[in-house]
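One structure below.
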Amino acid sequence: MGETIVITSGKGGVGKTTATANIGAGLALLGHKVALVDADIGLRNLDVVLGLENRIVYDLVDVAHGHCRLKQALIRDKRFEGLYLLPAAQTKDKTAVNPEQMREICQELKKEFDYVIVDCPAGIEQGFRNAIAGADRAIVVTTPEVAAVRDADRVIGLLEAAGLNEPKLVINRLRPKMVRQGDMMDIEDILDILAVDLLGVVPEDERIIVSTNRGEPIVQERNSLAAEAFRNISRRILGEPVPLLDLESNGNLLVRLRKMLGLG
Amino acid sequence: MGAGQGAMVQIPGVRPERKTILIERTLRSGQSLFYDGNVVILGDVNPGAEVTATGDVIVIGTLRGTVHAGAGGDEGALVVAFRLEPTQLRIANHVSRPPEGMTPSGQPEVARIKDGMVIIEALGFRL
Ligand SMILES: Nc1ncnc2c1ncn2[C@@H]1O[C@H](COP(=O)(O)OP(=O)(O)OP(=O)(O)O)[C@@H](O)[C@H]1O
Ligand SMILES: [Mg+2]
């Protein structure tokens, strides 16, 4: 039996879909069978980011309403052995499925897959409640911005209230130069408020935008720090103690971060 | 007479009729608490969280959210925090917020009303 991980944030546009695609592809590259579920009904993106849009026949809503079997709706990603997508419907809205249906679908997927990763829509309303319904654990994505961290905090409170305790944090779009100049929250500022375990830090990287537009997850690229960050996150999900990336070739930083992860 | 019966307390200045609640967790953004009595929080009060009490509010952690002590009009109410960095702080009917650009003192502090104003001092021994 596999496990279901929801990727959520509260605030929109912080990188949930990017993280879902890259963590999913990363876990598949490490030899695991992964199903990605796009729970952002009405604003589906994950299929585009994965370059699978033109292969959609059935979607999540069709499965929930019994219009097709789960297997018929799953799209196999030919580039990553073991990676599958259950796309969202584009022409419906969040009320087209309910938490009970989501729970059943995740349960069903867990029988076949090692990891079921749910891409949560922004916000804390029904789309959020649907996305977390079948989850065994949660990853919260934030950017180093006050508003994003505030929303992450709100979401962590809601996850805890729903019994999803100790979510893990991904800080996305960090710009070491801005942090150094004091123009951006640093990792410690964020962890000080959120008080959760850090799963990884992904730097700002233009190539993410390029790869997103091309429909190719960046995770397989060799000379990108963001790709390496996502590969490391995937390995940490498997329980490997991978030290945090040194985003700035600054020894002190690395030591400090290691300490936070409890590895040093 | 069972334990916890207020009448047993006979120390001057102690108000046995006022209840106290202990919260053993951090209040996160969007979470709010109202209590008719004193509140002690073993954790933080994050930005976007709110604590309102008719009595004192004591935070054994960092208070970054909004706090209202003496919410029933008690001008003697206190706010104590291990780190007092509130978004907004109210005692009775007095509203205050930290001055623009103020850097946190990094030490335990107490806020109270003195001469009709909310003042913040390092936490001494004379509460
Ligand atoms: N580390 C990064 N560096 C540069 N650009 C990034 C990074 N992460 C994400 N982006 C870009 O930010 C935008 C938003 O990302 P994404 O769609 O993953 O966010 P989201 O949280 O899923 O948004 P929504 O809330 O709308 O679903 C995209 O254009 C993406 O390419
Ligand atoms: Mg998205």
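No hydrogens, no waters, no symmetry mates; every other heavy atom, side chains included, goes into these values. First the proteins, then the strands, lettered A, B, ... as listed; each starts at 1.
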Quiz item: Is the shortest heavy-atom distance from the side chain of B:R28 to the side chain of A:L159 under 4.5 Å?
Solution: no
Is it the case that over 12 heavy atoms from other parts of the model lie below 6.0 angstrom from the [atom1] atom of [X]?
X	atom1	result
B:Y35	OH	yes
B:N93	CG	no
B:R97	CZ	no
B:M117	CE	no
A:E166	CD	no

Self-check item: Residue-level interface, residues 148-156 of chain A with chain B, non-hydrogen cut-off under 4.5 Å
Solution: A:R150, A:D153, A:R154, A:I156
Self-check item: Distance (rounded to the nearest 0.5 Å) between A:I193 CD1 and B:D44 CG
Solution: 9.0 Å
